[in-house]
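Reviewing the structure listed below.
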Amino acid sequence: MTTNTHLNATHDPALKSWVLSANIAGCDFPIQNLPHSVFKRAGTNESFRGGVAIGDQILDMQAVAALGVFATDLGAIAIDAGKPKLNDLMAHSRFDRSALRAALSECLSSGSPHAAALADCLVPQSQAEYGLATQVGDYTDFFTSYNHMINCGRIFNPQNPEVPSFKHLPIAYHGRASSVSISGTNVKRPWGQINPPVAAGAVQAPIHATCQALDYEMELGIWIAGSNALGRTIEVDAAEDHIFGMCLLNDWSARDIQGWESTPLGPFLGKNFCTSVSPWIVTWEALSPYRTNLPRAATDPKTLPYLLPKDTKPAIDICCEVWLKTPTYPAQVQISSTSYKHSYWTPAQMIAHHTSGGCNLQSGDLFGTGTISGLAGNTVLAEEGCLVELSSGGKVDVTLSSGEARRFLLDGDTLTLKGSCTAAGHARIGFGEVSGKVLPADSRSSV
Ligand code: MN
């Protein structure tokens, strides 16, 4: 038995809930998980409010807060967990958030004296419509998967595939917060400026056109807890206090637009038309049983001290799956599967680096991990987290298990990401899913 100092009674694999669907093997939301979202009953004029997933139900935290079942000192955080946006919940200290989780775990456990009262606060997930969990102030998308970097480098820059700074700092660009969208939001194929390949010596002739290389990126989202004042840094060993939790994130990408516009400042219209997130945010504390070592080879450069965590298990093993439903095949098919544990940089290192220059983070901000890929070439089930890797930059067909082929996404395709964590001696927890359907581009008479 290894000692994991991050574990407590809420992670006990023997815990069962009086919400019986939470006890079914394979359920994403057993009592050991307890993720947060905002929701309302679909098709009603109810207001959005915060909820906690348990089995196939949502515990309505606005209703729970009104019951007063929690100790007095938890009153404020319980109210914030039921608000229509969770920025205030995320502003609470790690200690307070942990106390809320402990209280939720106790009152949802089999035999809780509050079971009868709380049963009236349950809403079936099948009846729910979800909202974006926070007012996202800022969104930063990172580039932390070594495999994604090297797979792309071998396609686009085979003579020199490794980005020189990659193993020294968690690379990122500042994304667009306004187009962060909840799962289920349709994604319209964007227009943009594209520079088609030309023969040597010919004049470059960019066109304004619809994206013909629409891609997804399998990422995880990191929701920021608390804030730091402008000019104040967050040390790497304190950075986990600033992680509220994680969700699934699809960074939709227009590769042909991205390729032409990104030098020298990075992605612009190639990425800013939509970023999809899953409704359920799995708390950082719920992820404790799945912690693992940070992958480092003896030949890797020394990590600079400000990015070096003391914790020996700062990485998290999260299984990340990509599924595609095409308009012509009756079922969704799996494209890939890999683990977040291969990532070179952790969320804490991203926070430490992001703030090391004095940039202020705020409660409810969103980070993307960057595309999560395994090594190229797995012939059983691919591990690459986007189509541009799988199709070698759009040059070869990706054959789906349905027999259909894709190089990039076609109109009518629905892309779904799923995630889960398993570890010997611990409960399995899941992330639910994030899904989005590709709609045709606007028709425009004048280009
Ligand atoms: Mn990305």
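Note that this is a predicted model, so its numbers are computed, not measured. Order of appearance sets the numbers: ligands from 1, and atoms from 1 within every ligand.
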For this session: For the Mn ion (ligand 1), count the protein N, O or S atoms found under 2.8 Å away.
Result: 4
For this session: Evaluate whether atom CZ of Arg406 has more than 12 neighbouring non-hydrogen atoms of other residues, nucleotides or ligands under 6.0 angstrom away.
Result: yes
For this session: Mind listing the closest non-hydrogen atom pair of His92 and Asp96 along with its distance?
Result: ND1-OD2, 3.7 Å
Exercise. Is a side-chain N or O of Arg296 found less than 3.5 angstrom from the main chain of Tyr344, in a donor-acceptor match?
Worked result: yes
Exercise. Are Asp413 and Lys437 close enough that some pair of their side-chain heavy atoms sits under 4.5 Å apart?
Worked result: no
Exercise. Per the side chain to side chain donor-acceptor pair (under 3.5 Å) rule, which among Glu383, Glu384, Glu389 passes with Asn151?
Worked result: Glu389
Problem set entry | Salt bridge present between Arg94 and Glu285 (N-O < 4.0 angstrom) | no
